[in-house]
Number of protein chains: 2
Amino acid sequence: MKEVDSKKMWLEGYAVSEFLPHNTIDCVILGYGNHSLKVLVLKWKRGELWSLPGGYVLRSESFDQAATRILKQRTGLSSIFLKQFYTFSDPGRNRPKYSHETEIIKQILQNADLVNGDRDMDWFTKRFITTGYFALVNMQKTTPSPDFLSDRCEWKSLQEVPDLLADHNQLLQKALETLKIQLNYLPVGISLLPKRFTMKDLRLLYEAILKTNLERSNFQRKMLKLGILVRHEKQMTGAANKAPYLYSFDREKYAALIKKGTGFYFD
Amino acid sequence: MKEVDSKKMWLEGYAVSEFLPHNTIDCVILGYGNHSLKVLVLKWKRGELWSLPGGYVLRSESFDQAATRILKQRTGLSSIFLKQFYTFSDPGRNRPKYSHETEIIKQILQNADLVNGDRDMDWFTKRFITTGYFALVNMQKTTPSPDFLSDRCEWKSLQEVPDLLADHNQLLQKALETLKIQLNYLPVGISLLPKRFTMKDLRLLYEAILKTNLERSNFQRKMLKLGILVRHEKQMTGAANKAPYLYSFDREKYAALIKKGTGFYFD
DNA sequence: TCAAAAGTGTTTCCAATACACCCATGA
DNA sequence: TCATGGGTGTATTGGAAACACTTTTGA
């Protein structure tokens, strides 16, 4: 293990001894496109093993800093909306669900010359408590890149999220639940949508989060009454119907409103 | 340190090596009495040092289990409402704010024959991440008892909470904020009030949590319409005015309502 | 001129608020 | 019978919801 530490060639350039021994961060990074919510997942280098982006926490940094660092590494984005939502501490949470998980990890690490025997595996197989963060990002602005354990980084819509490592599916569910409950206190629109969008885009986003249908005209009236939208000229879509207006957010008014909640309740 | 471990005479009977090295639990235990919210705090054995009840986490238990254990030890209660609210991870969060804090801890431990030199202090002074839980309890049912570091266990109303150890005042604030935001999804009434109570008791409880005044008659109508209250015979108070009805909760209906939220919004 | 989707208007209903009024109690 | 506080009723207001009607666009 000492030998591995001294190499400093892995874990994004850090050595094991620089990390807290039992705490990790995992990120549920959410984007919105094609009328559905999407989440960023990593595909591991061997086999069909998927996970949420995550990482270890340096002994010198806070969890917020660690999450920010991880997010930057995976998406290229800084200064995005990022929020802690829950800490998962079940003692068996990172025990492999299937025996091939252990095998895959072992192969990857051996392949990268990072472990020499079973003892080095101890770091990976011991108990880890993970603190979940969720991020809301504008997908168009991201440039996803895999980490040292993975070879692909993909946006998956919620329906097509595969079976994930450890309790990561649970993490995802909890994040979505939190998002739903705190919807009125979160800058969902401004974070997830491009600068200009139609009222339909905005409504579909809310419908995706709340998993419900919202009445078209009432939604429009409510939103406009909040006074945080700026209307721009229409956009000709080429479709055989009336073209929608484009809207953008008035950032200051938006921020002020978010602070005290939109009072915008659906049930 | 080995020697200390083998004694197993402290930390409520456990040895240091049985705990996770960097994680703790702290509990914001809330009760309600005399028209105000109260929180349970511990006074340390020397000097005027106060803290929230908390403890270390066994390597074999989940955080929920640890919190339940700690709560049981401090209040004598099991099966109470307990919920994780946030994980505090600032690297300097448990560095002493005042130099006398370190001294007090040292004295207490030496006095209890638990540490022999500065090296043994390492366990207490290193970085700890704490996960906060809040509990809602019926004060009358508790029998508060101090832990091995403290000599008193006291209910303090929020206005008289003293300066607390480390970031415990922040923990308290965050817990209260969470309570307020999630009010409609939490069993506040049933957890904090005695079996039978007046409508005024209930209203004052909500006012204490929300820090606002609620209109008397409208509050009553709203609450009754929820259909979770059972009205009992009046109670003669001895005061020169009309006696109020007593109410209790219909536990099944209460539980069903809490699940989907009361829809009982104040602003 | 038709279908499709966007924008606007209307009606109905219910909840929240404010406040008035009545009732019970013991001094 | 008076003061005090509890219980109930009512008028007003405003928003939510359902849905109808109009407008715009390209086929």
Might you list the N or O atoms of the protein lying below 3.5 Å from N or O atoms in nucleotides 21-23 of chain D, with each pair's distance?
| residue | atom | partner | partner atom | Å |
| --- | --- | --- | --- | --- |
| dT23(D) | O2 | Lys242(A) | NZ | 3.4 |

- Message: With side chain to side chain contact (heavy atoms under 4.5 Å, CB included) as the criterion, how do Arg203(A) and Lys200(A) come out once you've worked through the C-alpha distance, each side chain's angles and the decisive distance to 0.1 Å?
- Response: CA-CA 5 Å; Arg203(A) 179 167 52 84; Lys200(A) 186 176 188 177; 3.9 Å; yes
(message) Against the six-membered ring of Tyr86(B), is Lys174(B) placed for a cation-pi contact (under 6.0 Å from the centre, within 45° of the normal)?
(response)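 Cation-pi check for Lys174(B) and Tyr86(B): passes.
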Would you tell me whether Glu215(B) and Asn218(B) have side-chain atoms, one donor and one acceptor, within less than 3.5 Å of each other?
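Judged by distance alone, the side chains do pair up.
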Applying side-chain hydrogen bond (donor to acceptor under 3.5 Å, both in side chains) to Ser191(A) and not counting sequence neighbours gives none
Interatomic distance, Leu226(B) CG vs dA15(C) C1' [rounded to whole Å] |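 Rounded to the whole Å, the gap is 12 Å.
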Rounded to whole Å, NZ of Lys222(B) lies from P of dA15(C) at a distance of 11 Å
Could you pick out which residue, Arg221(A) or Gly238(A), lies toward the 5' side of DNA chain D when each is mapped onto its nearest nucleotide?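 With Arg221(A) and Gly238(A) compared, the 5'-side residue is Arg221(A).
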Note: for Asn218(A) and Pro244(B) on DNA chain D, the residue whose nearest nucleotide lies more 5' is Pro244(B)
| query | If you look at every strand shown and take non-hydrogen atoms under 4.0 Å, does Arg203(A) touch a base, only sugar-phosphate, or nothing? | reply | nothing
Would you indicate what Thr198(A) reaches in the nucleic acid, counting non-hydrogen atoms under 4.0 angstrom: base, sugar-phosphate, or nothing?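 Touches nothing.
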Just compare [options] and give me whichever is closest to any side-chain atom of [X].
| X | options | result |
| --- | --- | --- |
| Arg231(B) | dG7(D), dT10(C), dG6(D) | dG7(D) |
| Ala240(B) | dA16(D), dA27(C), dG7(D) | dA27(C) |
| Met199(A) | dG7(D), dG7(C), dG9(D) | dG7(C) |

Per ring pair (Phe, Tyr, Trp, His ring centres under 6.0 Å), Phe197(A) is matched among Tyr245(A), Phe249(A), Tyr32(A) by Phe249(A)
Contacts of Glu233(B) meeting salt bridge (Lys or Arg N to Asp or Glu O under 4.0 Å) (sequence neighbours excluded), chain-then-number -> Arg196(B)
Per nearest nucleotide of DNA chain C, the residue lying toward the 5' end, Asn241(A) or Lys234(B), is Asn241(A)
